[in-house]
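What follows is a short report on a single structure.
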Amino acid sequence: MSHPPSQPRTPVFAANWKMSHGPAETGAFVERFTAHHRRRSDATVVIFPPAISLAAFAAAASGRLDLEFGVQDVHTELEGAHTSGISAAMVPATGATWALAGHSERRREFGDTDADVGRKLVRILEAGLRPVLCVGETLEERESGRLSTVLETQIREAVRPLDREDRARLVYAYEPVWAIGTGRTASPADAAEAHAIVREQLARTEGCDAERAAILYGGSVKPANIEALLAAPGVDGVLVGGASLDPDSWAAICAAGR
Ligand code: 13P
């Protein structure tokens with residue numbers, strides 16, 4: 001049986017603001033960024049503001065439908081006594097269409113396990129949001145030769161509760177923990193190697209679409225290294241923290257590969 005030709009994967013430029021840019025700063029950011037960023041039909045631009053800034057973001061970006069946005073996390077439950085939790089079911093009403101799951105800062109600071117990440121993916125997909133599953137190894141795991149094992153386990157366990165159709169909807173972000181906020185970027189060759197491991201794991205996992213799944217790289221991405229990283233084999237976009245906080249630097253990143 002012949003397979004359909006593989007589709008080119010549209011590059012994704014994703015900004016994770018983490019706990020920066022409250023409602024008071026969000027409008028000014030959007031105004032400055034949109035003044036510099038030319039719409040592009042060949043790429044997706046998505047911003048993950050802190051949840052408290054979603055309404056400000058939606059209001060400021062209402063004239064720019066090309067700018068997508070999402071939440072940085074959701075709770076494993078949909079409602080109830082979970083103080084401070086964000087229910088995936090409540091997210092679409094904000095206009096947000098994406099959600100991160102499994103960011104290493106959630107795993108480290110809040111103890112999110114692979115099983116929690118799987119439950120969050122279920123909630124995200126039920127709500128009709130586009131999930132980004134974040135995976136990545138610590139320096140200690142890399143140096144002890146466990147890169148493949150860590151990535152494979154994180155993917156296998158997180159997708160376990162998903163059915164075949166949902167597995168095919170995931171976007172992935174490879175974010176080596178040692179490169180996050182450290183200024184230490186994975187080389188394009190390091191990124192290509194890890195992305196190949198992720199894609200091999202997807203090929204081995206029923207329902208996951210290794211051919212079409214977008215795999216983003218995250219970890220100290222900057223205007224100075226974006227072109228080289230995007231050109232690395234298997235890198236379909238980026239998930240940017242620090243360098244996405246400045247609207248000019250973020251606009252420079254989003255102009256890459258034009
Ligand atoms: P930095 O770009 O600040 O290293 O953060 C990367 C990240 O964690 C994005 O989710």
Side-chain angles (χ1 to χ4, degrees), residues 11-21 25 29 33 43-51 53-54 57 67-74 86 96-112 116-117 120-121 124 129-139 141-142 147 150-151 154-155 158 170-188 190-191 194-195 198 214-230 232 235-256:
V12 178
F13 295 92
N16 178 6
W17 287 358
K18 308 188 178 182
M19 205 166 70
S20 293
H21 291 340
E25 297 86 38
F29 177 99
F33 172 66
T44 301
V45 174
V46 50
I47 295 178
F48 295 89
S53 300
L54 287 173
F57 188 94
L67 295 186
E68 302 184 18
F69 62 105
V71 288
Q72 299 169 8
D73 184 50
V74 300
I86 296 170
T97 53
W98 291 70
L100 301 181
H103 193 280
S104 61
E105 286 150 17
R106 287 286 325 171
R107 294 177 192 259
R108 188 180 64 226
E109 291 185 28
F110 301 90
D112 285 13
D116 294 329
V117 176
K120 290 177 181 206
L121 289 174
I124 289 166
L129 301 166
R130 198 147 181 222
V132 180
L133 168 57
C134 304
V135 296
E137 82 289 5
T138 62
L139 191 57
E141 288 165 340
R142 170 171 278 259
L147 171 64
V150 169
L151 298 181
Q154 288 176 341
I155 294 167
L170 298 188
V171 172
Y172 298 83
Y174 167 64
E175 300 204 305
V177 178
W178 47 271
I180 295 180
T182 58
R184 196 176 156 186
T185 318
S187 67
D190 287 338
H195 283 225
V198 170
I215 306 174
L216 319 183
Y217 168 78
S220 296
V221 175
K222 302 182 264 299
N225 59 26
I226 179 71
E227 295 285 1
L229 285 164
L230 265 191
V235 174
D236 306 311
V238 284
L239 179 55
V240 186
S244 74
L245 295 177
D246 176 76
D248 297 342
S249 140
W250 178 233
I253 289 171
C254 292

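What you are looking at is a predicted structure, and each value in this text was computed from that prediction instead of being measured. Ligands are counted one by one from 1 in listed order, and the atoms in each one are counted from 1 as well.
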Sequence neighbours excluded, every pair satisfying side-chain hydrogen bond (donor to acceptor under 3.5 Å, both in side chains) that has a member inside residues 235-249 = R9-D236, R32-D248, R199-D236

request  = Evaluate the side-chain proximity of L245 to W17: yes if any heavy-atom separation is below 4.5 Å, no if none is.
outcome  = yes

inquiry  = My understanding is that only residues two or more places apart in sequence, or in another chain, count here; which of them pass side chain to side chain donor-acceptor pair (under 3.5 Å) with R107?
reply    = D114

S20: side chain to side chain donor-acceptor pair (under 3.5 Å) partners, not counting sequence neighbours = none

ask   = Taking the six-membered ring for Trp, are Y174 and Y217 parallel (under 30°), tilted (30 to 60°) or perpendicular (over 60°)?
value = tilted

What does the contact table look like for ligand 1 (nitrogen or oxygen on each side, cut-off under 3.5 Å)?
residue  : atom   : partner : partner atom : Å
ligand 1 : 2 (O)  : S220    : N            : 3.4
ligand 1 : 2 (O)  : G241    : N            : 2.9
ligand 1 : 3 (O)  : G242    : N            : 2.8
ligand 1 : 4 (O)  : G181    : N            : 2.7
ligand 1 : 4 (O)  : S220    : N            : 2.7
ligand 1 : 5 (O)  : K18     : NZ           : 3.2
ligand 1 : 8 (O)  : K18     : NZ           : 2.8
ligand 1 : 8 (O)  : H103    : NE2          : 2.8
ligand 1 : 10 (O) : N16     : ND2          : 3.1
ligand 1 : 10 (O) : H103    : NE2          : 2.9
ligand 1 : 10 (O) : E175    : OE1          : 3.1
ligand 1 : 10 (O) : E175    : OE2          : 2.9

inquiry  = Please tell me whether W178 and E137 have a donor and an acceptor in their side chains that are separated by less than 3.5 angstrom.
reply    = yes

